[in-house]
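A short write-up of the structure that comes next.
Predicted, not measured: the structure shown is a model, and the values here were computed from it. Just so you know, residue 1 is the first one in the sequence shown, and it goes up from there.
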Amino acid sequence: MNKNCLNLTLFFFFIVLSFSVYKNAFGKDNYIVTIVNKIPITKFDIINRAKLISLSIEKDVNFKNLGSYYNQSLKTLINEKIIFSEGNKINKDLSSLVSKQANQLLLNEFENSIKKLKQFIEKYSIPKSALLEKHKAQLIWGIVLKNKYKSQFQKIDKNVSKTLEINKKKQSEDLYDIAEIVIDKNNNSKLLEKIKFALRDGIRFSEIAKQVSISSSSKFGGKIGWKSFDNLPEFIKRQKKTVNEGDIYSFIEKEKIKLIKILVKRKSGKLSKKENNITLAQVKFPINFQKKNIAYSKVKKNLNTLFSKNKNCEVLNSFPKANNKDINLKIIRSRIADLNPKIQNVLKNVDFFSVSQPIFYGNNGYAFIKCEIEKAKLDKIDYKKIKNSTMNKYFLIYSEKLLKRLNKEANIKIIEKIK
């Protein structure tokens, strides 16, 4: 059997195998698993959310592992149904009223490209309504909180003045910018291990937080703001060791498991290099049936030819697309601390306009070109920024408090366990 025939045979084998796995996992009819305040959650709802969690952790949908995410998926959906039912008390049309904004937030995730959104929906068989659900819930939750805590939010101006004074005093302290991922403690040991593995593999903390975390901080990619050492979680303070940038801590707090990441550390209030803003080009290329190093070498050769003529990332606009149809170019502007840790590492010893070493996920490789770095500056005390930061702080405090109470009061009926 020649090489082409062998490749074709293997291709059809994988197609049949994939279809078989898909059929076994999703062949049965849809059914209601849980009802929350008269709002049903179906088997397909749980599967679709589990797919999104899987994508954030594994960068793919692995049908064999999908069951590991069902518990967290259900917990997240229960919280969202509680939010929708609270929104209905304010206005029965609230879901429709936030639809336009939710659609825009969803489109932002796909670089404002309707084509890319449609391709994602078709590739993973996740309906658009399932993608919009989380954005709608977050928008409605903001309205519910402002309605419930109207008088408290009106007092924030006074709190901002106090915060300004506190910030002045703390300018010479060690400060830590931290983020969190929160999951339900019950039956989630496998999910915790998968999250830890994904983080070790370089998946962005914020990507996982957005899809997996049941905390309202997921709205901010898990970020909960700057803290002095005294304001860090007790678990971290008890470790009696130096807290460094990039450290990740996991611990149990009541009925939840929390993962805390130190994104940035300011020693004695001084700016960290990880606060610098970077502009870089991401080049995504397929591996297919090639060896990884060969696929990378081809792309690198083409890119080096481009940059030999002009040391500017704008030259990427003339990248020969005719011969590189499957290659995707994307410009990323980000604080260095917010980049995937693997990207941070490959960029450390790379000169400007040189192609980095590749990172591989599944059938794709990623190479990066450093275009520009803008040094961070200590912000002047900005009333508007302090107010937004304080608003976010109280949003998280009131959110946890209210959601905990509403969960206790909710009418949650388990109809059938998902299989």
Side-chain angles (χ1 to χ4, degrees), residues 142 145 149 152-153 155-183 185 195 199 204-206 208-210 212-275 335-338 376-404:
L145 284 171
Y149 298 100
Q152 288 92 329
F153 277 113
K155 293 175 184 176
I156 280 181
D157 280 345
K158 291 181 182 178
N159 289 318
V160 170
S161 298
K162 289 180 183 177
T163 303
L164 286 169
E165 290 303 314
I166 292 168
N167 282 358
K168 287 177 184 177
K169 292 176 183 177
K170 288 186 175 180
Q171 280 181 343
S172 60
E173 287 186 38
D174 286 352
L175 294 173
Y176 306 86
D177 188 20
I178 66 175
E180 67 176 3
I181 295 171
V182 182
I183 63 173
K185 185 179 77 173
I195 291 171
L199 292 171
R204 280 178 67 190
F205 197 92
S206 62
I208 299 174
K210 283 177 185 176
V212 181
S213 183
I214 57 173
S215 168
S216 294
S217 62
S218 65
K219 177 181 179 180
F220 312 113
K223 290 183 182 180
I224 50 180
W226 289 92
K227 306 283 182 185
S228 65
F229 184 83
D230 289 338
N231 290 326
L232 290 176
E234 287 299 323
F235 177 86
I236 298 176
K237 290 191 287 184
R238 287 198 303 268
Q239 299 302 300
K240 294 182 179 179
K241 62 178 185 179
T242 305
V243 178
N244 294 314
E245 288 179 331
D247 286 350
I248 297 176
Y249 302 85
S250 63
F251 54 92
I252 294 172
E253 191 176 89
K254 297 180 181 177
E255 296 303 311
K256 297 170 183 175
I257 298 173
K258 288 191 173 183
L259 290 96
I260 301 288
K261 180 170 183 179
I262 311 299
L263 299 171
V264 177
K265 178 181 178 179
R266 286 181 181 172
K267 292 181 181 179
S268 302
K270 292 180 181 177
L271 285 165
S272 163
K273 288 181 180 179
K274 287 199 173 185
E275 293 182 77
R335 189 176 68 160
I336 291 173
D338 298 325
K377 296 177 182 177
L378 275 173
D379 292 331
K380 292 180 180 178
I381 294 174
D382 185 323
Y383 182 85
K384 189 175 180 181
K385 282 186 178 179
I386 295 288
K387 184 174 180 179
N388 287 338
S389 176
T390 309
M391 285 283 283
N392 290 342
K393 174 185 172 183
Y394 281 95
F395 174 86
L396 295 175
I397 292 169
Y398 295 142
S399 179
E400 190 167 343
K401 181 180 176 181
L402 182 58
L403 202 54
K404 186 177 180 180

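- Summarising the geometry of Leu271 relative to Ala376, their closest heavy-atom pair is CD1-O, 3.4 Å, with the distance given to 0.1 Å.
- Inter-residue side-chain proximity for Met391 and Phe395 is flagged as unmet; no heavy-atom pair is nearer than 4.5 Å.
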| task | Could you go through the side-chain contact (heavy atoms from CB on, under 4.5 Å) check for Leu396 and Phe220 one step at a time? | result | CA-CA 10 Å; Leu396 295 175; Phe220 312 113; 4.1 Å; yes
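- The closest donor-acceptor contact from the side chain of Ser272 to the backbone of Lys274 lies under 3.5 Å.
- Classification of Lys273 and Glu245 as a salt-bridged pair fails, no side-chain N sitting under 4.0 Å from a carboxylate O.
- Smallest separation of non-hydrogen atoms from Ser218 and Ala209: CB-O, 3.2 Å.
- In this structure, CZ on Phe153 lies 6.5 Å from OH on Tyr398, to the nearest 0.5 angstrom.
- For Ser215, the side chain to side chain donor-acceptor pair (under 3.5 Å) test picks out Glu180, Ser217, with sequence neighbours left out.
- Using a 4.0 Å cut-off between a side-chain N of Lys or Arg and a carboxylate O of Asp or Glu, Arg335 and Asp177 qualify as a salt bridge.
- In this structure, Ser206 OG and Ile181 CD1 are separated by 9.0 Å, a value rounded to the nearest 0.5 Å.
- At a threshold of 4.5 Å between non-hydrogen side-chain atoms, the residues Ile257 and Val182 do not count as touching.
- Looking at Glu253 and Lys256, no side-chain N of the basic residue comes within less than 4.0 Å of a carboxylate O on the acidic one, giving no salt bridge.
- Expressed to the nearest 0.5 Å, how far CZ of Phe229 lies from CD1 of Ile236 amounts to 8.5 Å.
- Side-chain atoms of Lys267 never come within 3.5 Å of backbone atoms of Asp174 as a donor-acceptor pair (strictly under, hydrogens ignored).
- You'll find the side chain of Asn244 stays beyond 4.5 Å of the side chain of Ile262, heavy atoms only.
- Side-chain atoms of Glu275 and Ile336, non-hydrogen and from C-beta on, never get closer than 4.5 Å to each other.
- The shortest side-chain heavy-atom distance between Lys265 and Leu175 does not fall under the 4.5 Å cut-off.
- Two residues are said to be in side-chain contact when any heavy atoms from C-beta on lie closer than 4.5 Å; Leu199 and Ile208 meet this criterion.
- Considering only heavy atoms from C-beta on, Phe251 comes within 4.5 Å of Ile260 through its side chain.
- Remark: Ile397 CD1 to Asn392 CG distance equals 11.0 Å, nearest 0.5 Å.
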| request: Give the intermediate values and the outcome of side-chain contact (heavy atoms from CB on, under 4.5 Å) for residues Lys254 and Lys404. | output: CA-CA 12 Å; Lys254 297 180 181 177; Lys404 186 177 180 180; 4.2 Å; yes
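- Note that the CZ atom of Arg238 and the OH atom of Tyr249 stand 12.5 Å from one another [nearest 0.5 Å].
- Annotation: side chain of Lys223 is in contact with side chain of Asp338 (closest heavy-atom distance under 4.5 Å).
- Residues forming a side chain to side chain donor-acceptor pair (under 3.5 Å) with Ser399 (at least two apart in sequence, or on another chain): Trp141, Ser216.
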| request: Go through the steps for Leu402 and Leu145 under the test side-chain contact (heavy atoms from CB on, under 4.5 Å), then give the verdict. | output: CA-CA 8 Å; Leu402 182 58; Leu145 284 171; 3.9 Å; yes
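- Atom CH2 of Trp226 sits about 8.5 Å away from atom CG of Leu263, to the nearest 0.5 Å.
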